[in-house]
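The block underneath contains the structure these notes are about, expressed in C-alpha cells.
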Amino acid sequence: MKKLWLLVLTSAVLFTLAACSDTAASTDQADEEKSEQQDEGKKEKSESEDSESTEEKEADKEKEEEEEPEQPFEPLMPSEDAKPLEETMTKEELEKMPVVEAHGEDRTRKTPVGETLIAGNEDKSDGLLKNYRLVAYYGHPQSTQMGILGEMEPEALMAKLKEQTQAYSDADPSHPAVPMIELISTVAQRDPGPEGLYFHRTSEEDIDKYVELAKKHDALIMLDVQLGRDTPLNQVKSLEKWLKLPYVHVAIDTEFHVAEGETPGINLGSVNGADIQQAVEYVDNLVEEENLPDKIVLVHQFTDKAVTNKQAIKPTENVEVALNFDGYGDAATKMSLYRKFVRNDAVQYGGFKIFYDKDQPVMSPEDVLKLDPNPAIINYQ
C-alpha cells in the first residue's frame with residue numbers, strides 16, 4: 001500500500017513537473033513571439049518614420065523650390081531671322097574692341113563678344129543680367145528737358161520703348177532684351193527745399209502711375225535718385241514701399257551729390273563707393289527679408305571723380321551692380337570713356353547711355369554691342 005502511495009505521489013510530481021515544463025516552454029515561446037512582434041513593429045515604425053522623414057524632406061525641398069521668387073517680366077524674344085551676334089561681326093571685331101574705344105591703347109578684348117559679365121568678376125545671384133539685357137527710357141514725368149520719359153504719353157512711350165528693345169533682342173539673340181522705365185524719383189535742385197538737402201521728391205502719384213505702367217506691360221521699372229546733399233542709403237530707404245515690389249530696381253545718380261557749400265547743377269558732385277555699398281547692402285537685406293527676386297543697383301558715372309573708392313562697391317548674392325557711363329556727345333569720345341570708366345575700372349556689369357538729341361551720331365544697337373564689354377543695360381535719355 002505504501003509502495004502504491006509512493007507510486008501515485010511520484011506520478012503526480014512528474015505530471016506537475018511536465019506541466020510546469022510545458023507552461024514554461026509555452027511562456028518562453030510566447031515571449032519570443034512577442035519580442036519578435038515588437039522588433040517587427042519597431043522595424044516597421046522605423047521604416048515608416050524614415051519614409052515620413054524622406055517625404056517631409058522632399059516636401060520641404062519642393063516647398064522651397066515653389067517659394068523661390070521668379071523675375072516678373074516678359075523679354076522681347078528675337079525675330080525668327082535674327083542671327084547670333086558672332087555671325088554678324090568680322091574676325092577682327094570678335095578679337096578686338098573698336099579703334100575709337102581703345103583710344104590708342106591695346107585693342108585686345110577683355111570680355112569676349114556676347115558676354116556681359118565683365119572679365120574678372122563673378123555673379124553669385126540669380127539676377128536677370130545673367131541671361132537678359134535691359135533697355136530703358138530715362139526721365140521725369142513732369143519734365144520734357146530731362147529725358148524721353150517726360151516727352152511722351154505713357155502708352156506711346158511704351159510702344160516706342162518696346163520697338164527699341166526689340167532691336168537689341170534681334171542684334172544679340174543670346175540675350176533677349178527686357179523693356180525698362182528709368183524714372184527719376186528725386187530731382188536735385190539749386191534750392192535747398194523743405195528738407196534743406198537740395199532735392200525735390202517726385203510725387204507718389206507719378207511714381208505709382210509708372211510702376212503700374214511697367215507691371216501692365218510685363219516690363220521693369222528703375223527708380224533713379226539724384227542725391228543733392230542726402231546720402232545714397234537715405235534716398236534708397238525712402239523708396240522701400242516700391243522696392244518691395246518684385247519688378248522695381250534702383251539707380252544712383254552720382255554727379256548730383258554735392259558737399260556742404262556746393263550746389264547741384266553748379267558743382268559736379270561725387271559719391272564714395274563705401275556709401276553706395278551701404279545702399280547695396282540695404283537692398284540685399286530687403287530682398288532676403290521680403291523673399292523678392294534678386295535686384296539691380298545701377299550706378300551712373302559721368303566724370304572721373306563722380307565715383308570715388310569704387311573698389312568698395314561689392315555685388316552680393318541678392319544684388320547685381322552695373323556701372324553706367326552717362327556722357328553725351330560724339331560717339332568716339334563716349335566709347336573711349338566707356339572703356340576708361342567701365343571696362344578698366346569694373347564693378348560687375350556695364351551700362352551705356354544714349355542721348356537721342358545730343359549724341360553725334362546716335363549709335364545703333366549693332367554699334368553698341370561692339371563695345372568691350374557688351375553693355376548689359378542701355379538707357380536712352
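Note: hydrogens, waters and symmetry copies are ignored here, and every other heavy atom, side chains too, is used.
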Under 4.5 Å between any side-chain heavy atoms of [X] and [Y], yes or no?
X	Y	result
Glu86	Leu94	yes
Val178	Gln71	no
Leu369	Leu85	yes
Asn291	Pro69	yes
Val135	Tyr380	yes
Leu117	Tyr349	yes
Thr303	Glu255	no
Glu262	Ile266	no

State whether the side chain of [X] and the backbone N or O of [Y] hold a donor-acceptor pair below 3.5 Å, judged by distance alone.
X	Y	answer
Asp284	Val280	no
His257	Asp230	yes
Thr186	His200	no
Thr111	Asp372	no
Thr308	Lys305	no
Lys124	Pro315	no
Thr202	Ser185	yes
Gln348	Glu122	yes
Lys295	Val248	yes
Asn379	Ala136	no

Could you pull out the closest heavy-atom pair between [X] and [Y], with the gap in Å?
X	Y	result
Pro179	Glu74	CD-O, 4.2 Å
Pro173	Ala82	CG-CB, 3.8 Å
Ala279	Val236	CB-CG2, 3.9 Å
Thr116	Ala376	CB-CB, 4.0 Å
Val347	Asn121	O-OD1, 2.6 Å
Pro365	Ala167	CG-CB, 3.9 Å

Residues Ile296, Leu128; criterion side chain to side chain contact (heavy atoms under 4.5 Å, CB included); working and verdict: CA-CA 9 Å; Ile296 299 166; Leu128 58 95; 3.9 Å; yes
When you group the ILVMFWY residues by side-chain heavy-atom contacts below 4.5 Å and let the links chain together, are [Y] and [X] in the same group?
X	Y	value
Leu76	Leu134	no
Ile184	Ile377	no
Ile378	Ile118	yes
Leu268	Ile252	no
Val225	Val187	no

Residue pairs involving residues 299-346 (criterion ring-ring contact (aromatic ring centres under 6.0 Å, His included); sequence neighbours excluded):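 Sorted result for residues 299-346: Phe325-Phe341, Tyr328-Phe355, Tyr338-Phe352.
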Can you find a side-chain donor-acceptor pair between [X] and [Y] that sits under 3.5 Å?
X	Y	result
Thr316	Asn318	no
Glu155	His217	yes
Asp170	Ser79	yes
Asp275	Gln277	no

To the nearest 0.5 angstrom, please state how far the [atom1] atom of [X] sits from the [atom2] atom of [Y].
X	Y	atom1	atom2	answer
Tyr356	Tyr137	OH	OH	2.5 Å
Gln301	Asp345	CD	CG	7.0 Å
Glu93	Thr88	CD	OG1	8.0 Å
His249	Leu223	NE2	CG	10.0 Å

Only pairs at least two apart or in different chains count here, so list each salt bridge (charged side-chain N to carboxylate O under 4.0 Å, His left out) that has a residue in [range].
range	value
residues 131-152	Arg133-Asp172
residues 185-203	Glu195-Arg201
residues 316-338	Asp326-Lys353, Lys334-Asp359

Carboxylate-amine/guanidinium proximity below 4.0 Å for Asp208 and Lys241: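 Judged by the 4.0 Å cut-off on N to carboxylate O distance, Asp208 and Lys241 do form a salt bridge.
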Residues Glu205, Lys209: salt bridge by 4.0 Å N-O rule: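 Between Lys209 and Glu205 there is no salt bridge, as every charged N stays at least 4.0 Å from the carboxylate O atoms.
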Worked verdict on Lys370 versus Glu366 for salt bridge (Lys or Arg N to Asp or Glu O under 4.0 Å): CA-CA 7 Å; Lys370 290 176 183 177; Glu366 290 75 16; over 6 Å; no
Worked verdict on Glu182 versus Leu149 for side chain to side chain contact (heavy atoms under 4.5 Å, CB included): CA-CA 8 Å; Glu182 186 172 353; Leu149 187 146; over 6 Å; no
Apart from Phe199 itself, residues in the same hydrophobic cluster as defined by side-chain heavy atoms under 4.5 Å: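 In the cluster with Phe199 are Leu197.
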Lys130 NZ: over 12 foreign heavy atoms closer than 6.0 Å: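 Atom NZ in Lys130 is crowded, with more than 12 foreign heavy atoms closer than 6.0 Å.
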Lys110 atom NZ: more than 12 heavy-atom contacts under 6.0 Å: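 Enclosed: over 12 neighbouring heavy atoms sit under 6.0 Å from NZ of Lys110.
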Asp304: partners by salt bridge (charged side-chain N to carboxylate O under 4.0 Å, His left out), with sequence neighbours left out: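 If we apply the salt bridge (charged side-chain N to carboxylate O under 4.0 Å, His left out) test to Asp304, skipping adjacent residues, the hits are Lys340.
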Worked check of side chain to side chain contact (heavy atoms under 4.5 Å, CB included) between Ile181 and Met158: CA-CA 9 Å; Ile181 297 166; Met158 289 306 301; 3.8 Å; yes
Arg109 vs Glu115, salt bridge (Lys or Arg N to Asp or Glu O under 4.0 Å): CA-CA, chis, key distance, verdict: CA-CA 11 Å; Arg109 283 192 176 276; Glu115 294 183 17; over 6 Å; no
Worked check of side chain to side chain contact (heavy atoms under 4.5 Å, CB included) between Leu227 and Val271: CA-CA 9 Å; Leu227 304 170; Val271 179; 3.6 Å; yes
Residue among Glu101, Glu92, Glu95 satisfying salt bridge (charged side-chain N to carboxylate O under 4.0 Å, His left out) with Arg107: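 So, applying the salt bridge (charged side-chain N to carboxylate O under 4.0 Å, His left out) to Arg107 and each of Glu101, Glu92, Glu95, only Glu92 qualifies.
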